[in-house]
Amino acid sequence: MNADLKREREGATFNVERITNMLDGGKHKTERRRFLEKVIATDPSGVFCNDDVNYLHRTERHIRAMAKHVRLVEVCRKLGIGDECDGQIIMSEDFPVLLEALGEDLPTALHWVMFVPNIVTLCDDQQQAEWLPLVRDWKMIGCYAQTELGHGSNVRALETTATFLPESKGGQPGGSWVINSPTITSAKFWPGTLGRTANHAMVIARLIDGDGVDRGIHNFLVQLRSMEDHSLLKGVDTGDIGPKIGYNVMDNGFARFDNVVIPRRNMAMRFAEVDEDGKYKKKTVSDAASKVAYITMMQVRAMIVLGSGKALAQACTVVVRYSAIRRQGYAAGESSELQVLDYKQQQHRVFPLLAQAYCIFFTAQKVWNRLKAIEGKLIQNAPVNKVEVADIHASSSALKSFCTMTAADGIEECRKACGGHGFLACSGLPDLFTSYLQNPTVEGDNHMLPQQVIKVLMKLVQAIHAGDNVDAYKPCTSYILVPALKKIIGGTKEKCSAASAEDLCNLDVIVEAFKHRAARLLVSVTKQIQVYIMNGRTPQEAWNQSLVDMACTSRAYALLLLIQNFSTGIADERKNSSLGDAEASVLTDLATLFALYWMDKEIGDFLVDGYITNKHAKWVKQNILKYLDIIRPNAVALVDARDISDFRLKSALGRYDGNVYPYIMEAARKDPLNAVDPGPAYDPELKRLVAGGVGAYSGTAARL
C-alpha cells in the first residue's frame, strides 16, 4: 500500500463503509454487489479480463465484448439470476450490477435499454406473449431503430415508410406491411446493436394505411436476420457505421429496407391498430395505460442521469488518488515534494466534481423513485394528473441535459488534472471519456431538451398569472418555484438574507438564492417571448430568438433541483439512520461546496437584479476556499466510499493500493509495439534510412 494513500485513509473523519452501504441501498446490497463483482473478476473462463483491451483493434474488442455477453448469460443461468422474473435475466435486480461489474460496455446493450421496454410498453398482450419468451431465451435480440441519416431529434420528419399491403394484393394472410427506405437520408443510421448484433429491430416508420393515408410515426417489429444462421433477410441491408470517437465495442449501425414484408400484427398495437382491410383506428385505452408507457420510457432518461454520476465518480476516483500520490514542487524550507492534492488550484478543479458525483446520486434516486411512484399509482388506477406527468418530464429533461454535459466536461477535466499520464490509455480516463461522450446526444440532444423544459414550466408561470389551478402543481417538483414566482410576478423585490460570510455557508440560504434565480429567469424568458410576439414576430420566430435564454433557465432549474435534493437527501438518510453525524457532515460539506462553486461560476445571474450584492459575491469566493480546506482531509476516503474496484476502474493511476508507477511501466511493456527488438518498423523502413544511407547528403542535386 502506498504510504501517502495509507495516511490519507487514516486521517478520514467518517466511516467509509457507511457511505458505501448508503450508495448501494443497504449493507446487504453492498455484500451482494461485492459477491457478484467477485464472480466476474474471478471467472475461470478468463473472458471478462480487461488487462489487454487497450491493445485490441475495435473488431477484436467487439468480438471480445460479445464473448463477455454470452459468458454473462451462462453465469446468470448457473447462478439462477432471473429465476425470480420467470427467467428474464435483464429484469433481475442483479443484472445492472453485473453489467457494471464487467467494466466494459456490451454490444447487446440496446436490447434491454430500448428494445424490450418498447415491447413491454407499446405492444398488446398477445404480441408480448409471442415475443417476450424469445427475448427471455436470447433467440430474439433487438435494437431500437429510430434515428436516420438525415433526421434525429425531429421524429415527425422521419422518412422510413410502412405501407399496408392487403392479402388480396399479395400480402400475407391477414395483411402485411411493406417497409421501405425511399431515400438515402431515410436510412436508419446510429442505432446501437443494429450493425452486426441484432436480428430484430423496433423500426420507427411512417404508417401508410390501406386508404393511402399517412398516419404518422408508429413502431414496427422487423426481423433483420435469420435466428438460425444470422444471415440477412431479403431486402434488408445493415452494417456497422464505422469507427467513432469512442464506444467502439458497440456496433452502431445503418439499415436500409427495400420492400421488406412483415406481418400486419408486427405493428405495435397497444394504442392503435390496423385491421385486415387496412383500416386504422386508435384503441380506447385507459389514460393510465398511456401514461404508464410514457413513464416507462422516461425511466431510461433517469438511468442516464444516474449513470452520469457514476461515470464522473470513476474519473474522480482516478484523479483524487493519483493527486495524493503524485508529488511536485517544494514548500519553503522542505526537502520533500508536495502532494499535488495540496495545491488549491487542483482542489478547485477536482473537489466540485467529486461533490457533483455525489449530488447526482441523490437527485437521480429522487427522480427514479418518483417515476416508480407515479407508475405504481397508475397501475393501481389511482389518480395522476397530466400536470404531474409533464412535470417529471420537465425535471428529467433538465437534469439529463445538465448532468450529462457537465459529467462529460468533468471527466475530461479529471484527465487533464492528471497531467501527462492522464493522456495514457492505461490511466483509464481516455476510454472512459470517449465512451461517455455519446450521452449528451442520446435520448434527447442536450441543446434540444431545454425547450421541452421551458414549454412545461411556462404553463406554471401562466397558471400563477391567472391565479388558476396552481394547486394542481403541489405534487410536482416544480412547485418548489411557486413562492419565488409569486413574489416576482407580484412585484416583490427579493434579497438574499445572508448578513455574513458564515450565513452563506447555510444550505437553506443558498437554496433560496437558486430558487430565486431559476424563477426570475423563467419569468424573464416567458415575458421575452410575449414581447417578441407583440412586436410582430411569429410565435416560431419568438421561440427561436429565446432559445439561448431557455438553455440558461433550464440549467438554473437543474442546478436548483440538484442542490435541493442533495440537501434533503442527506437529511433523509440521516433520519433513517443510514448515515451517522460524521457521514452527514462530510456530505453536507460537499453539498455546500457544490452550491457555492456554481453560484460563483454563474454569479452574474444572482447579481443582475440585486438579489445578492458585491459583498455577497466576495463571500462566496471566500467560502469556496474555506470548503476546499474542509474537504481536503476526506478526499481520498470519499472516492474510496464509491467502492469502485480496480477491475472496473481499469486505471494504473487510480489503483486502490497506489502502486502507480510499476503499473504504468508494466502497461508500457505490454504494448505489442514492444514485442520484438528492433521494433517492427526497423526492417526494412528505418533500416533503409539509418543503415542503408537513403538520407545521406551527397552534394547539390539537380532540381526538377
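Every heavy atom of this structure was used, including side-chain atoms; hydrogens, water molecules and symmetry mates were not.
For the residue pair Thr197 and Asp251, a side-chain donor N or O sits within less than 3.5 Å of a side-chain acceptor on the partner. If you check the side chains of Glu8 and Gln339, you find a donor sitting under 3.5 Å from an acceptor. Counting only N and O atoms by type, the side chains of Ser226 and Asn199 include no donor and acceptor under 3.5 Å apart. Side-chain atoms of Ser427 and His421 form no donor-acceptor pair, as typed in the model, at a separation below 3.5 Å. Side-chain contact check for Arg326 and Tyr661: at least one donor-acceptor pair (N or O, by modelled atom type) lies under 3.5 Å. A donor-acceptor contact under 3.5 angstrom links the side chains of Gln356 and Thr406, judged on distance only. Of the N and O atoms on the side chains of Asn252 and Asp240, not one donor lies less than 3.5 Å from an acceptor on the other residue. When only modelled atom types and interatomic distance are considered, Thr238 and Arg225 share a side-chain donor-acceptor pair under 3.5 Å.
With Thr20 contributing its side chain and Ala641 its backbone, the two residues share a donor-acceptor pair below 3.5 Å. Using modelled atom types, no side-chain atom of Lys416 and backbone atom of Phe423 make a donor-acceptor pair closer than 3.5 Å. Judged by distance alone, the side chain of Asn369 and the main-chain N or O of Gln365 form a donor-acceptor pair under 3.5 Å. Although no hydrogens or angles enter the test, the distance criterion places no donor-acceptor pair under 3.5 Å between the side chain of Glu666 and the main chain of Ala652. Not a single donor-acceptor pair under 3.5 Å links the side chain of Asp137 to the backbone N or O of Lys139.
Geometric assessment of Arg9 against the ring of Tyr656 yields a positive cation-pi assignment under the 6.0 Å and 45° thresholds. Annotation: cation-pi geometry satisfied between Arg655 and Tyr663 (NZ/CZ under 6.0 angstrom from ring centroid, within 45° of ring axis). Figure legend: Arg642 and Tyr358 shown as a cation-pi pair, the cationic atom lying under 6.0 angstrom from the six-membered ring centre and within 45 degrees of its axis.
Contact record, Ile411 with Ala311: CD1-CB, 4.0 Å, taken as the closest heavy-atom pair. Shown here for His111 and Phe115, the closest heavy-atom pair between the two residues is O-CB, 3.3 Å. For Thr30 against Asp24, the heavy-atom pair with the smallest separation is OG1-OD2, 2.7 Å. Among all heavy-atom pairs drawn from Met140 and His200, the shortest one is CG-ND1, 3.6 Å. Taking every heavy atom of both residues into account, Ser401 and Asn446 meet most closely at OG-O, 2.8 Å. Residue Arg61 comes nearest to Val249 through the heavy atom pair CG-CG1, 3.5 Å, listed as atom of the first residue, atom of the second, then distance.
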Test side chain to side chain contact (heavy atoms under 4.5 Å, CB included) applied to Leu194 and Phe254, step by step
CA-CA 7 Å; Leu194 171 62; Phe254 65 82; 5.7 Å; no
*Checking salt bridge (Lys or Arg N to Asp or Glu O under 4.0 Å) for the pair Asp94/Arg32: CA distance, chi angles, key distance, verdict?*
CA-CA 8 Å; Asp94 285 336; Arg32 179 64 175 173; 2.6 Å; yes
Before giving the answer on side-chain hydrogen bond (donor to acceptor under 3.5 Å, both in side chains), spell out for Glu84 and Ser92 the whole-Å C-alpha distance, their side-chain angles and the decisive distance to 0.1 Å.
CA-CA 7 Å; Glu84 75 281 18; Ser92 169; 2.7 Å; yes
Inset, instruction - Take Ile304 and Thr404 through the test side chain to side chain contact (heavy atoms under 4.5 Å, CB included) and record every step on the way to the result. - result: CA-CA 8 Å; Ile304 291 174; Thr404 56; 3.5 Å; yes
### Message
The test is ring-ring contact (aromatic ring centres under 6.0 Å, His included); show your working for Phe566 and Phe362 and say whether it passes.
### Response
CA-CA 6 Å; Phe566 203 169; Phe362 285 101; 5.3 Å; yes
Could you walk me through whether Ile40 and Asp43 pass the side chain to side chain contact (heavy atoms under 4.5 Å, CB included) check? CA-CA 5 Å; Ile40 295 299; Asp43 181 69; 5.9 Å; no
Quiz prompt | Worked verdict on Glu583 versus Val16 for side chain to side chain contact (heavy atoms under 4.5 Å, CB included) | solution = CA-CA 8 Å; Glu583 293 74 42; Val16 169; over 6 Å; no
For this session: Output, in order, the C-alpha distance, side-chain angles, deciding distance and verdict of side-chain hydrogen bond (donor to acceptor under 3.5 Å, both in side chains) for Asn54 and Asp431.
Result: CA-CA 9 Å; Asn54 290 327; Asp431 188 57; over 6 Å; no
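Within the structure, ring-ring contact (aromatic ring centres under 6.0 Å, His included) contacts touching residues 74-110 (residues at least two apart or in different chains) are Phe95-Trp112. Identified under the salt bridge (charged side-chain N to carboxylate O under 4.0 Å, His left out) test for residues 303-319, with sequence neighbours left out: Glu100-Lys310.
Other residues, nucleotides and ligands place no more than 12 heavy atoms under 6.0 Å from the CD1 atom of Ile184. Within a 6.0 Å sphere centred on CZ of Arg7, other residues, nucleotides and ligands contribute more than 12 heavy atoms.
Note on Glu443 versus Lys400: no salt bridge recorded, every NZ/NE/NH1/NH2 to OD/OE distance being 4.0 Å or above. Salt bridge absent: Lys650 and Asp51 never bring a charged side-chain N and a carboxylate O closer than 4.0 Å. Taking 4.0 Å as the cut-off between side-chain N and carboxylate O, Asp683 and Arg688 do not count as a salt-bridged pair. A salt bridge does not link Arg34 with Glu31: none of the charged nitrogens is closer than 4.0 Å to a carboxylate oxygen. Using a 4.0 Å cut-off between a side-chain N of Lys or Arg and a carboxylate O of Asp or Glu, Glu74 and Lys78 do not qualify as a salt bridge.
Looking at Leu562 and Phe402, their side chains come closer than 4.5 Å, going by heavy atoms from C-beta outward. Counting heavy atoms from C-beta outward, Leu23 and Asp643 have side chains that stay 4.5 Å or more apart. At a threshold of 4.5 Å between non-hydrogen side-chain atoms, the residues Asp52 and Arg64 count as touching. Inter-residue side-chain proximity for Thr434 and Pro430 is flagged as unmet; no heavy-atom pair is nearer than 4.5 Å. Within the 4.5 Å cutoff, side-chain heavy atoms of Trp138 are placed close to those of Ile90.
Here the straight-line distance linking atom CG of Asp657 with atom CE of Met1 works out to 6.0 Å at 0.5 Å rounding. Of the inter-residue distances, the one linking Phe35 atom CZ with Lys38 atom NZ reads 9.0 Å to the nearest 0.5 angstrom.
Under the ring-ring contact (aromatic ring centres under 6.0 Å, His included) criterion, His348 pairs with Tyr597, not counting sequence neighbours.
In summary, of the residues considered (Val203, Val222, Thr147), a side-chain contact (heavy atoms from CB on, under 4.5 Å) with Lys188 occurs for Val203 alone.
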